[in-house]
2 protein chains.
Amino acid sequence: MSVQERKQRERAERERLIVATARELAEQQGWDAVTTRRLAERIEYSQPVLYSHFRGKREIIGAVALEGAAEMAAALRAATSAADDPRTRVTALARTYLEFAERNPAVYDAIFQLDGGLAFAKEDTPEPLKDAFAALLETLSEVTGDGVHPGLFTETFWAALHGLATLTRAGRLPPGDAERRVELLVDRLAMV
Amino acid sequence: MSVQERKQRERAERERLIVATARELAEQQGWDAVTTRRLAERIEYSQPVLYSHFRGKREIIGAVALEGAAEMAAALRAATSAADDPRTRVTALARTYLEFAERNPAVYDAIFQLDGGLAFAKEDTPEPLKDAFAALLETLSEVTGDGVHPGLFTETFWAALHGLATLTRAGRLPPGDAERRVELLVDRLAMV
DNA sequence: AGTCGATCCTAGCACCGCTAGACAAGTGAG
DNA sequence: CTCACTTGTCTAGCGGTGCTAGGATCGACT
């Protein structure tokens, strides 16, 4: 019995290694550089081993996305719980969101940009993704304002943040005024 | 002389054919399906011909992006010029923007999502891109509000629209409430 | 009419995601 | 202790990708 357990442990450990290595490689050189061959070489196994853990490259991206979403949710909660009033919380939320996207661009892409084969806004949406949205909802429902559904408000605010994050990183927006754009967004959208 | 002219004309015609075919193929089956082999087959030339017009696939995407940006600018101007007051103009602008993204997803991706090798927010940004931003700016500077730079306001509003467009199409947002999200955005961001 | 230059295509490179089938190593039974 | 068998891993290969070198062909000028 304990032999089987050991093997399972080793297998789980290797799976973590795959995900961590994929993430590392993606952050270092972009997702284009994350090929099954390079990934296999880095974990010091042959290519087919990857396919005994994941159905394909998509699923590996999906695994990185889930891990990242959990981290993001934690970061958002940590930032908002340190603030006293709703207004400060929203600002902290927005800043933390954009900072996460900037510091973990590959992970952010895995979550929101790439196809990781994950379901969104459905019943079978994985827990970490639902939880990340919940973290946004918790703070934003305080400043939704009258006559607006908090979920709808959260979606809209989130979309604005997502737009800022992606356009900035893609070089579509001048990076200097990021902070002032956040202030504008919070000033106008949040009803405090 | 006229022989050379004829050849130049034919060459330009073929270049238009390449761009149009790439766009068509991308809208039909997605950019992943736009391979140099398939593209060459559709225009009934061999692969290397593509490389006598464009440096590579990136530049073809870039060409589609420029064409699309010009169309988008025209669509935005047409929609806003048909509205009387600033408030109606902003709503029309937002709706038209999102409609363009929804009806031409591949073109939208070429402009804002994919790497077409284009410069943004710099001096050497191609004219159609600058003009599309100008079209946004024209309408949005009317509703910027006091103490805010119109350019900054336009960037922020644009980012919000971009977020809505991409998240909706990627299945990250439930598609039903799109209109209500637009109303919320206009209500809060535009100072009328 | 013959040369010469432009134009286009065939063939191929190195790489991609993914998989079939050979092979070795570890397990349990006799 | 030996031997069959299962489990795990690897080598090799398939069809695809973007891109390019080098040869063939065809038209224009001398």
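By convention in this document, chain letters (A, B, ...) are assigned in the order of the sequence lines, proteins followed by strands, and residues within each chain are numbered from 1.
- A salt bridge is defined here as a Lys NZ or Arg NE, NH1 or NH2 lying under 4.0 Å from an Asp or Glu carboxylate O, and A:Glu13 with A:Arg16 meets this definition.
- Rounded to whole Å, the distance from OH on A:Tyr45 to C1' on C:dA25 is 14 Å.
- In terms of phosphate contacts, A:Thr36 brings a side-chain nitrogen or oxygen within less than 4.0 Å of OP1 or OP2 of C:dG17.
- Expressed to the nearest 0.5 Å, how far CG of B:Leu189 lies from CG of B:Leu161 amounts to 9.0 Å.
- Distances from the side chain of B:Tyr51 to the nucleotides D:dT20, C:dC18, C:dC9 place D:dT20 closest.
- Rounded to a whole Å, the CD atom of B:Glu41 is 11 Å from the P atom of D:dT17.
- Taking the six-membered ring wherever Trp is involved, the centroid distance between the rings of A:Tyr97 and A:Phe157 does not fall below 6.0 Å.
- As a whole-Å value, the separation of B:Gln29 CD from D:dG16 P is 14 Å.
- Where A:Pro48 and A:Thr35 each meet DNA chain C at their nearest nucleotide, the meeting point lying more 5' is that of A:Thr35.
- One interatomic measurement links the two molecules: CD of B:Glu15 to P of C:dT7, which rounds to 14 Å at whole-angstrom precision.
- Distances from the side chain of A:Arg38 to the nucleotides C:dG17, D:dT11, C:dC16 place C:dC16 closest.
- Protein atom NZ of B:Lys57 is 15 Å distant from nucleotide atom P of D:dT20, rounded to whole Å.
- A cation-pi contact links A:Arg14 to A:Tyr45, judged by a cut-off of 6.0 Å to the six-membered ring centre and 45° from its axis.
- B:Ala94 and B:Val186 make their closest contact through CB-CG2, 4.5 Å (heavy atoms, listed as atom of the first residue, atom of the second, distance).
- Rounded to whole angstrom, the span from the CG atom of B:Leu50 across to the P atom of C:dC8 amounts to 12 Å.
- As rounded to whole Å, 14 Å separates atom P of D:dG13 from atom CD of A:Gln47.
- Atoms CZ (A:Arg58) and C1' (C:dC18) sit 14 Å apart, rounded to a whole Å.
- OP1 and OP2 of D:dC19 both lie 4.0 Å or more from every side-chain N or O belonging to B:Arg37.
- When heavy atoms are screened at a 4.0 angstrom cut-off, A:Arg11 is found touching no nucleic acid atom at all.
- B:Arg14 comes within contact range of the sugar-phosphate backbone alone, with a heavy-atom separation under 4.0 Å but no base atom that close.
- At C:dG17, none of the side-chain N or O atoms of A:Arg55 fall inside 4.0 Å of OP1 or OP2 (strictly under the cut-off).
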